[in-house]
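These notes concern the structure reproduced below.
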2 protein chains.
Amino acid sequence: MKTLTSRQLQVLEFIQDSIRVANMPPTIAEITVAMGFGSTNAARGHLQALERKGAIELIPNSSRGIRLVQAGAFEPGLPLVGRVAAGRPLLAEENIEDYRPVDPSFFSPRADYLLRVLGESMRHAGILDGDLLAVHRSPTADNGQIVVARLQDEVTVKRLRRTGQVVYLEAENPGFPAIEVDLKQETLALEGIAVGVVRNL
Amino acid sequence: MKTLTSRQLQVLEFIQDSIRVANMPPTIAEITVAMGFGSTNAARGHLQALERKGAIELIPNSSRGIRLVQAGAFEPGLPLVGRVAAGRPLLAEENIEDYRPVDPSFFSPRADYLLRVLGESMRHAGILDGDLLAVHRSPTADNGQIVVARLQDEVTVKRLRRTGQVVYLEAENPGFPAIEVDLKQETLALEGIAVGVVRNL
DNA sequence: AAAAGCAGTGCTAATATATTCAGTATGAAA
DNA sequence: TTTCATACTGAATATATTAGCACTGCTTTT
């Protein structure tokens with residue numbers, strides 16, 4: 001989508017608000033009033049510009065015939081992180097596979113992103129290969145929580161178990177050994193804590 | 001809300017579909033066409049009846065001026081079914097614990113409601129006690145699918161396995177025996193097929 | 001210097017849409 | 001038996017809404 005001017009953005013935002021509040025797009029006249037135009041053509045011009053730029057779609061001869069094109073313009077959903085490129089922040093653009101319409105506040109604390117789970121190491125916690133893990137960004141976590149951690153450019157989902165200065169990242173599947181991190185020697189970079197699981201069957 | 005007639009319900013459902021699909025309420029003319037009426041007044045009559053009964057609100061002199069009154073018209077979410085009362089339809093009001101902001105179309109096929117899972121019988125399929133199972137209403141299911149079935153006023157989640165005239169509802173946890181249903185003697189009432197899992201950690 | 005995009009006004013025509021009035025027919029409730 | 005709600009048809013009207021034409025003025029790009 002091409003960049004919008006600030007005025008066009010205002011119009012777009014009014015349309016989004018309209019849909020959110022009234023559950024229907026506004027008429028051109030409503031936009032005209034809301035924006036303080038003296039002529040409906042001012043609004044029409046903006047709508048046509050927005051359509052040219054791909055922000056909306058106009059349905060000819062249809063009242064309130066404005067359709068938001070952006071999938072999730074008002075509900076962007078959560079970024080889905082898939083394979084993580086080495087040396088890049090977890091939420092760097094190249095790690096974001098897609099956006100999924102999941103309500104962040106459905107989880108508590110709020111979910112910040114979704115992580116696609118690889119492998120079976122957490123199977124016994126009901127987290128299977130391919131599941132989407134809802135993650136809340138947090139640099140700290142409590143004992144016993146399931147966390148997302150970075151270890152040498154590898155992202156892993158494990159249960160955190162701390163005893164003194166040693167942290168164990170435990171799998172929930174026999175055969176997968178726990179990872180031991182000595183806080184005196186290395187730092188443990190937590191990416192977040194797991195707050196939920198979403199699975200498509 | 002007073003009870004609606006079946007015809008009124010059809011109109012209401014069309015309006016709901018319209019909002020879901022087109023993101024805006026239909027015009028009276030659109031309802032007229034969709035319902036196969038010969039006159040817009042047929043649709044109008046239904047709309048006024050729906051308004052009297054509190055299902056919708058009509059905005060006078062406004063195109064597409066139909067507003068769903070239902071809490072959650074904007075974010076209907078999915079009904080969460082908890083404990084199921086004996087002898088009552090699964091989606092009867094008294095079975096609906098709450099509504100949860102989960103996007104029905106996130107799953108495929110679309111989820112119609114969420115069922116709170118009780119017990120550990122599907123643990124090895126990654127479905128734990130307390131999980132919310134996204135369910136698509138369907139009277140039929142394929143072999144191997146995880147289904148929601150009604151057996152003597154009990155709702156169970158099991159994997160469907162069919163051999164000839166005998167259906168096995170298999171648990172995914174050793175120690176939980178499969179339930180055998182002989183279709184020659186009893187009927188199996190499927191409530192739906194599982195299309196997803198949502199868990200709050 | 002010309003062309004294109006931006007941001008508007010003002011008016012009119014076309015048509016989409018809601019609304020009103022006048023009916024028919026059925027079944028349930030008072 | 002009258003009244004009321006349901007479930008429609010049919011035609012006409014009022015208004016809401018989109019759409020088109022002709023402008024002005026400013027800024028940015030070519």
Side-chain angles (χ1 to χ4, degrees), chain A residues 1-70, chain B residues 1-69 73:
Chain A
M1 201 215 305
K2 288 165 196 160
T3 48
L4 304 178
T5 68
S6 71
R7 208 75 176 116
Q8 286 164 359
L9 199 65
Q10 282 174 41
V11 172
L12 183 61
E13 278 168 1
F14 174 72
I15 296 168
Q16 291 167 344
D17 282 357
S18 225
I19 291 176
R20 218 196 10 229
V21 173
N23 221 344
M24 51 177 146
T27 65
I28 296 178
E30 283 166 5
I31 298 173
T32 305
V33 171
M35 300 297 286
F37 299 144
S39 165
T40 54
N41 283 341
R44 246 184 97 67
H46 285 300
L47 289 179
Q48 284 164 349
L50 284 170
E51 184 172 41
R52 259 202 319 279
K53 295 185 176 180
I56 62 173
E57 185 190 333
L58 295 175
I59 302 154
N61 298 317
S62 174
S63 69
R64 306 178 189 275
I66 303 168
R67 177 174 292 161
L68 295 176
V69 168
Q70 273 187 303
Chain B
M1 203 217 300
K2 289 164 197 160
T3 49
L4 303 178
T5 68
S6 72
R7 208 76 176 117
Q8 287 165 0
L9 199 66
Q10 283 175 40
V11 173
L12 183 61
E13 277 168 1
F14 174 73
I15 296 169
Q16 290 167 340
D17 282 358
S18 225
I19 291 177
R20 202 165 42 86
V21 174
N23 236 324
M24 52 176 145
T27 64
I28 296 180
E30 285 166 3
I31 298 173
T32 305
V33 171
M35 288 287 163
F37 299 145
S39 164
T40 55
N41 283 344
R44 241 184 106 64
H46 285 301
L47 290 178
Q48 285 165 349
L50 285 168
E51 183 171 44
R52 260 201 318 280
K53 295 185 176 180
I56 63 174
E57 187 190 331
L58 295 175
I59 302 154
N61 298 318
S62 174
S63 71
R64 306 178 189 275
I66 302 169
R67 176 175 291 161
L68 295 177
V69 169

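A quick note: this is a predicted structure, and the numbers were derived from the prediction, not measured.
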[X] has an atom [atom1]; how far is it from atom [atom2] of [N], in whole Å?
{"X": "M24(B)", "N": "dT17(D)", "atom1": "CE", "atom2": "P", "answer": "13 Å"}
{"X": "L47(A)", "N": "dA19(D)", "atom1": "CG", "atom2": "C1'", "answer": "12 Å"}
{"X": "Q8(A)", "N": "dC6(C)", "atom1": "CD", "atom2": "C1'", "answer": "8 Å"}
{"X": "Q10(B)", "N": "dA7(D)", "atom1": "CD", "atom2": "C1'", "answer": "12 Å"}
{"X": "M35(B)", "N": "dA7(D)", "atom1": "CE", "atom2": "C1'", "answer": "13 Å"}
{"X": "I56(A)", "N": "dT18(D)", "atom1": "CD1", "atom2": "C1'", "answer": "14 Å"}
{"X": "I31(A)", "N": "dG8(C)", "atom1": "CD1", "atom2": "P", "answer": "13 Å"}
{"X": "L50(A)", "N": "dC6(C)", "atom1": "CG", "atom2": "C1'", "answer": "12 Å"}

Side chain of [X], heavy atoms from C-beta onward: which of [options] has the nearest atom to it?
{"X": "T27(B)", "options": "dA7(C), dT18(D), dA18(C)", "answer": "dA18(C)"}
{"X": "S39(A)", "options": "dC11(C), dT6(D), dT18(D)", "answer": "dC11(C)"}
{"X": "P60(B)", "options": "dT19(C), dG8(C), dC8(D)", "answer": "dT19(C)"}
{"X": "T40(A)", "options": "dT6(D), dA7(D), dC11(C)", "answer": "dC11(C)"}
{"X": "F37(B)", "options": "dT9(D), dA5(D), dA18(C)", "answer": "dT9(D)"}
{"X": "R52(A)", "options": "dT19(C), dG20(D), dC6(C)", "answer": "dC6(C)"}

For G36(A) and A49(A), find the nucleotide of DNA chain C closest to each by heavy atoms; which residue's nucleotide sits nearer the 5' end?
A49(A)
Kindly compute the distance separating CD (Q10(A)) from CZ (R7(A)), expressed to the nearest 0.5 Å.
5.0 Å
T40(B) side, atom OG1; L47(B) side, atom CG - distance, nearest 0.5 Å:
10.0 Å
Taking every heavy atom of M24(B) against every heavy atom of S63(A), the minimum-distance pair comes out as SD-O, 4.2 Å
Please confirm whether the shortest side-chain N or O distance from [X] to OP1 or OP2 of [N] is below 4.0 Å.
{"X": "R64(A)", "N": "dT17(D)", "value": "yes"}
{"X": "R44(A)", "N": "dT18(D)", "value": "no"}
{"X": "N61(A)", "N": "dA14(C)", "value": "no"}
{"X": "S63(B)", "N": "dT17(D)", "value": "yes"}
{"X": "Q48(B)", "N": "dT19(C)", "value": "no"}
{"X": "T5(A)", "N": "dA7(C)", "value": "yes"}

Applying side chain to side chain donor-acceptor pair (under 3.5 Å), name anything that partners S62(B), two or more places apart in sequence or on another chain.
R64(A)
May I ask you to say what G38(A) touches in the nucleic acid, namely base, sugar-phosphate or nothing, with a heavy-atom cut-off under 4.0 Å?
sugar-phosphate
What contact category does S62(A) fall into here, base, sugar-phosphate, or nothing, at under 4.0 angstrom with non-hydrogen atoms?
sugar-phosphate
Does the ring centre of F37(B) sit less than 6.0 Å away from the ring centre of H46(B)?
yes
Would you call T32(B) and S39(B) a side-chain contact if the rule is heavy atoms closer than 4.5 Å?
no
